[in-house]
Amino acid sequence: MSHFHHLPCSKSRSCFSRVPAALVLCAAVSLVLSPCQAADPAPVFKTITTRSVSANRVAETPDYARTLSGSLDWLQFGVESRTRYEVARDDYTNGLISDDALVTRNLLYLGIRHALDPLRFNVELQDSRRFDSNLPDNSSVEDRIDVLQAYAQLYFENAVGRAPVSLSAGRMAFDWADRRLISRNRNRNTINAFDGLRLRVGDEKAPWEIDAIAVRPVTRSVQNADQSSDDLALYGLAYYWRGWSPHVVLEPYWLWLDQRRAPTAQQRNLHTFGLHGYGQWGDKSAWDYDFSLAGQWGSAAGQSRQAWAAHLETGYTWSSPWKPRLGLWLNYASGDANAKDGSNQRFDPLYGATYAFYGYTSYFSLQNLVNPALRLSFQPVKKLKCELIHRGYWLASDTDSWVKAGRRDATGRGGSYIGQETDVRVVWQIGPSCDIDIAYAHFYAGGFVASTGAAPGANFMQIAATVRF
């Protein structure tokens, strides 16, 4: 329990000291927007969520937390415990090592609402561990008894056009846009966190929402308390427009990663402008689409950076009892054309999720990638969800790296074809507070892999049981 005494942003160099003036002004204005008299009940607004796999954001309060009843209705509480057994054979991200491991992730959430309004408090603890593994400690898998979230919030209901306004300060974990650049990790055993400020006007239930952040990413430590990054700041502004739902939902955003105070080899100064959109048409038998476009400019490691990425998807859902949906998509992220020309075109995925987006083996990220995929999902019974995905992988630039595997042929003679992957997943909701998640993936190596080293077929399987209290 000794780790709990560390509070985020306790250093003399405050994580708020570099907040842009416009964001500070916006935050100050929002604090006086609490209505002077009771407003009429807001009309119920219904919006859709995207059908693209894993692209929906988690609400500010984790889905495993609940509001207690009776005299404790001011308290939100939740516990989530996940135990997972993993089998990896010829893991390309670990030098073709094979390993089995038991991994656990336990989360505890406490939130105070209404009792002290407009002041609210939120705390979430994380304990992530790995057992029976031959691999060295890894902060993407292990983070023992630490603070995932600890923030205070000023919250004003119906403050602007019947939409709420909230200003949060402290350590936070959250999703952004379609989760490809900032995510509250779901499958990974540890979760991204950030120290700083977050201002929201509106929320996920409103026709529109503004989300502004000025934060420092948290560096995870397996044994010691997690700390804010000293030399890295992340600023962002997003606008979510749902007024044309269900046909069109638009989410433009801007993110600025400022790491100019780091040593030259680690320096980054990147601006990312993006637009996420999705929609549906038809009734129970419905077409749907999802797209994400992002451009990136700036510098990294002493080189200029111009890069871009895209996701384009369409799907169709039949009105049969099994609710089958067939989805087809393409992921693209640019790669570096020439390692010696003083510029770099490789896209930086920042703090985005990878698991469901690019493959259950987790061999790929949104970097130097051309990745078409076909997905079939269906529900044989109400509490059983199944999916089958087949994916292909090519290098966007055949002179750049397969980044997560650490393989590169700078001459380009190895070609661009990395391989294919087949993913199968079944999720059984045993009850309202328990589910079993089974996933299997097989990777088929292509010509580029064979030209840069050993190229065996690789397998990954996991069986996870999650219980919520």
Side-chain angles (χ1 to χ4, degrees), residues 11 13-15 17-20 93 95 138-140 176 180-183 192 194-196 213-221 227-237 253-274 293-310 331-352 354 358 363-370 394-414 416 418 448 452-453:
K11 298 184 178 181
R13 185 182 299 154
S14 169
C15 62
S17 60
R18 292 163 59 85
V19 177
T93 63
N138 185 339
S139 62
S140 292
W176 183 274
R180 294 178 187 273
L181 297 180
I182 298 179
S183 70
N192 293 329
F194 304 87
D195 288 345
I213 58 172
V215 296
R216 292 189 182 279
V218 171
T219 301
R220 296 180 303 276
S221 174
Q227 302 277 353
S228 299
S229 302
D230 284 335
D231 56 12
L232 199 162
L234 181 66
Y235 308 109
L237 181 65
Y253 61 85
W254 160 75
L255 288 166
W256 174 25
L257 181 72
D258 183 6
Q259 199 175 7
R260 289 175 291 178
R261 293 188 298 166
T264 302
Q266 301 172 16
Q267 285 183 2
R268 287 180 293 171
N269 183 30
L270 299 176
H271 293 268
T272 305
F273 296 87
L293 306 172
Q296 203 168 69
W297 293 269
S299 61
Q303 296 182 318
S304 64
R305 179 69 62 97
Q306 292 185 2
W308 69 285
N331 295 313
Y332 176 88
S334 58
D336 186 22
N338 188 334
K340 300 179 180 180
D341 64 357
S343 64
N344 194 322
Q345 295 79 42
R346 183 192 295 170
F347 190 81
D348 189 324
L350 303 179
Y351 300 93
T354 61
Y358 316 116
Y363 293 167
F364 298 90
S365 58
L366 197 58
Q367 298 171 282
N368 191 33
L369 182 68
V370 179
W394 284 261
L395 300 173
S397 171
D398 56 12
T399 57
D400 196 5
S401 300
W402 173 12
V403 178
K404 295 195 73 174
R407 294 198 182 191
R408 183 172 191 170
D409 180 356
T411 69
R413 297 190 186 98
S416 60
I418 306 173
F448 169 80
T452 55

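For the numbers below, each heavy atom of this structure counts, side chains included, while hydrogens, waters and symmetry mates do not.
The backbone N or O of Thr399 lies less than 3.5 Å from a partner atom in the side chain of Arg408, making a donor-acceptor pair. Remark: side-chain polar atoms of Ser229 are not paired, donor with acceptor, to backbone N or O of Asp231 under 3.5 angstrom. Side-chain atoms of Asp400 do not come within 3.5 Å of backbone N or O of Gly335 as any donor-acceptor pair. The backbone N or O of Tyr363 sits less than 3.5 Å from a side-chain atom of Trp402, completing a donor-acceptor pair. A donor-acceptor distance shorter than 3.5 angstrom exists from the side chain of Asn368 to the backbone of Ala396, with no hydrogens or angles considered. Side-chain atoms of Asn269 never come within 3.5 Å of backbone atoms of Asp258 as a donor-acceptor pair (strictly under, hydrogens ignored).
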**Request:** List the steps, then state whether side-chain contact (heavy atoms from CB on, under 4.5 Å) holds for Ser397 with Leu395.
**Result:** CA-CA 5 Å; Ser397 171; Leu395 300 173; 5.9 Å; no
**Test log, rule side-chain contact (heavy atoms from CB on, under 4.5 Å), inputs Phe364 and Ile418** = CA-CA 11 Å; Phe364 298 90; Ile418 306 173; 3.8 Å; yes
**Prompt:** Would Leu366 and Phe347 satisfy side-chain contact (heavy atoms from CB on, under 4.5 Å), going step by step from the backbone distance to the final call?
**Reply:** CA-CA 7 Å; Leu366 197 58; Phe347 190 81; 3.9 Å; yes
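Inter-residue side-chain proximity for Gln367 and Pro349 is flagged as met; some heavy-atom pair is nearer than 4.5 Å. The side-chain heavy atoms of Thr272 and Leu350, taken from C-beta on, include a pair separated by under 4.5 Å. Taking 4.5 Å as the limit, some side-chain heavy atom of Leu234 sits within range of a side-chain heavy atom of Ile182.
Taking CH2 of Trp297 as the reference point, atom NE2 of His271 lies at 11.0 Å (rounded to 0.5 Å). With rounding to the nearest 0.5 Å, the separation of CG in Leu270 from CD in Gln296 is 5.0 Å. Between the CG atom of Asn344 and the CG atom of Asp336 there is a distance of 4.0 Å, given to the nearest 0.5 Å. Of the inter-residue distances, the one linking Leu255 atom CG with Ile213 atom CD1 reads 6.0 Å to the nearest 0.5 angstrom. Between the CG atom in Asp409 and the CZ atom in Phe448 there is a gap of 6.5 Å [rounded to 0.5 Å].
The ring pair (Phe, Tyr, Trp, His ring centres under 6.0 Å) test applied to Phe194 returns Phe174, Tyr351, not counting sequence neighbours. Taking Tyr358 as the reference, nothing meets the ring pair (Phe, Tyr, Trp, His ring centres under 6.0 Å) condition, with sequence neighbours excluded.
No side-chain donor-acceptor contact under 3.5 Å links Ser334 and Gln345. Under 3.5 Å, the side chains of Asp195 and Ser228 contain a donor-acceptor pair of N or O atoms.
Listed here is the closest heavy atom pair of Arg220 and Asn192: NH1-OD1, 3.4 Å. When all heavy atoms are compared, the tightest approach of Ser183 to Gly352 is OG-C, 3.6 Å. Scanning both residues, Trp308 and Ala310, for their nearest heavy atoms gives CZ3-CB, 3.9 Å. Residues Leu293 and Tyr253 come closest through the heavy atom pair O-OH, 4.3 Å. Contact detail for Gly236 and Trp176: the closest heavy-atom pair is C-CH2, 3.6 Å. Here the closest non-hydrogen pair linking Leu232 and Arg216 is O-NH1, 3.2 Å.
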Without placing hydrogens or testing angles, list every side-chain donor-acceptor pair under 3.5 Å for residues 298-307, not counting sequence neighbours.
residue	atom	partner	partner atom	Å
Arg305	NH1	Arg346	O	2.7

